[in-house]
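When reading the values below, keep in mind they use all heavy atoms of this one structure, side chains included, and skip hydrogens, waters and symmetry mates.
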Amino acid sequence: SKPPNTKRRLCSTSFFLSLSSGSEAMAMTMMRSAMSSSQKKCGVGGLLINKEGSRLFSGFSFTPPPSSTPPPPPAEPSTNLFVSGLSKRTTTEGLREAFAKFGQVIDARVVTDRNSGYSKGFGFVRYATLEDAAKGIEGMDAKYLDGWVIFAEYARPRPQQPPQQYTGSPMSSPRY
């Protein structure tokens with residue numbers, strides 16, 4: 001048995017090939033083969049340079065170990081959508097216009113930082129019907145908006161939190 005403080009080690013292989021002859025195709029085949037045959041917990045990276053010093057190929061292959069926490073179940077269909085991956089330039093009006101192509105938008109909001117006013121990179125869109133919301137997801141999920149790929153999915157309800165009681169001291173405020 002292993003001692004209790006033994007750490008799990010991941011392997012990593014790196015290589016650098018510099019070619020003086022015209023064997024680029026063979027070297028690239030070797031690199032791709034090494035990257036594809038690497039073990040599941042092993043990272044392989046490399047760089048292939050020709051005799052003129054130009055980079056011909058570089059790559060890195062790594063499969064992280066499986067997560068111990070299962071992914072959350074999909075959210076229940078609702079008229080409220082959660083939109084992530086928004087550009088810092090995306091405005092509430094821009095979000096509304098993009099999603100209005102797929103149905104009647106009741107409300108749209110880009111969430112911003114309270115202090116700076118900059119976008120936090122996500123927002124919400126509320127449609128009039130479930131059908132419009134489904135069309136909005138189908139039409140906008142993994143699509144470009146303001147140069148960024150965005151993701152649209154049904155919003156999850158906020159978890160219930162016990163109400164916070166204010167004691168009169170500024171240090172008891174959740175802002176500090």
Asker: So how far is it from S78 OG to E153 CD, rounded to the nearest 0.5 Å?
Answerer: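 Result: 10.5 Å between the selected atoms.
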Asker: Is the backbone of V110 close enough, under 3.5 Å, to the side chain of T92 for a donor and an acceptor to pair up by distance?
Answerer: yes
Asker: Do other residues, nucleotides or ligands put more than 12 heavy atoms under 6.0 Å from K143 NZ?
Answerer: yes
Asker: Test of understanding: clusters of I, L, V, M, F, W, Y form through side-chain heavy atoms closer than 4.5 Å, transitively. Do F151 and Y144 belong to the same one?
Answerer: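 Yes; Y144 is reachable from F151 via cluster members.
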Asker: Treating Ile, Leu, Val, Met, Phe, Trp and Tyr as nodes and any side-chain heavy-atom pair under 4.5 angstrom as an edge, say whether F124 and I150 lie in one connected cluster.
Answerer: no
Asker: Report the C-alpha distance between L145 and L95 in whole Å, list the side-chain angles of each, state the deciding distance to 0.1 Å, and finish with yes or no for side-chain contact (heavy atoms from CB on, under 4.5 Å).
Answerer: CA-CA 8 Å; L145 180 62; L95 185 65; 4.2 Å; yes
Asker: Let me see the working for D107 and V125 under side-chain contact (heavy atoms from CB on, under 4.5 Å), right down to the final yes or no.
Answerer: CA-CA 6 Å; D107 186 41; V125 176; over 6 Å; no
Asker: So that I know where these two stand, are F82 and F122 an aromatic pair - ring centroids less than 6.0 Å apart?
Answerer: yes
Asker: Please evaluate residues W148 and T90 with respect to the criterion side-chain contact (heavy atoms from CB on, under 4.5 Å), reporting the C-alpha separation (whole Å), side-chain torsions for both, the decisive distance (0.1 Å), and the verdict.
Answerer: CA-CA 10 Å; W148 287 50; T90 302; over 6 Å; no
Asker: Distance check, rounded to the nearest 0.5 Å: E97 atom CD versus T91 atom OG1?
Answerer: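 Rounded to the nearest 0.5 Å, the CD-OG1 separation comes to 7.0 Å.
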Asker: Restricting to non-hydrogen atoms, name the atom on A155 and the atom on A75 that form the minimum distance, rounded to 0.1 Å.
Answerer: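 It is O-CB, 4.0 Å.
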Asker: Does the side chain of Y154 come within less than 4.5 Å of L81's, by heavy atoms?
Answerer: yes
Asker: Indicate yes or no: at least one non-hydrogen side-chain atom of I137 is less than 4.5 angstrom from one of K135.
Answerer: no
Asker: Check whether D132 reaches the backbone of Y127 with its side chain - one donor and one acceptor, N or O, closer than 3.5 Å.
Answerer: no
Asker: Over all heavy atoms of both residues, which pair between N115 and D113 is shortest? Give the atoms and the distance, please.
Answerer: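 That closest heavy-atom pairing would be N-OD2, 2.9 Å.
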Asker: Answer yes or no: is there a donor N or O on one side and an acceptor on the other, between the side chain of R126 and the main chain of A108, under 3.5 Å?
Answerer: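 Answer holds: no.
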Asker: Okay, side chain of D146, backbone of S87: is any donor-acceptor separation there less than 3.5 Å?
Answerer: no
Asker: Take atom CD of E93 as the centre, draw a 6.0 Å sphere, and report whether it contains more than 12 heavy atoms from other residues, nucleotides or ligands.
Answerer: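 Correct, the count exceeds 12.
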Asker: Might you point out which heavy atoms bring V105 and R96 nearest each other, and give the distance in Å?
Answerer: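 Scanning both residues completely, I find the closest heavy atoms to be O-NH1, 3.6 Å.
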Asker: Shortest non-hydrogen contact from R156 to P73?
Answerer: NH1-O, 2.7 Å
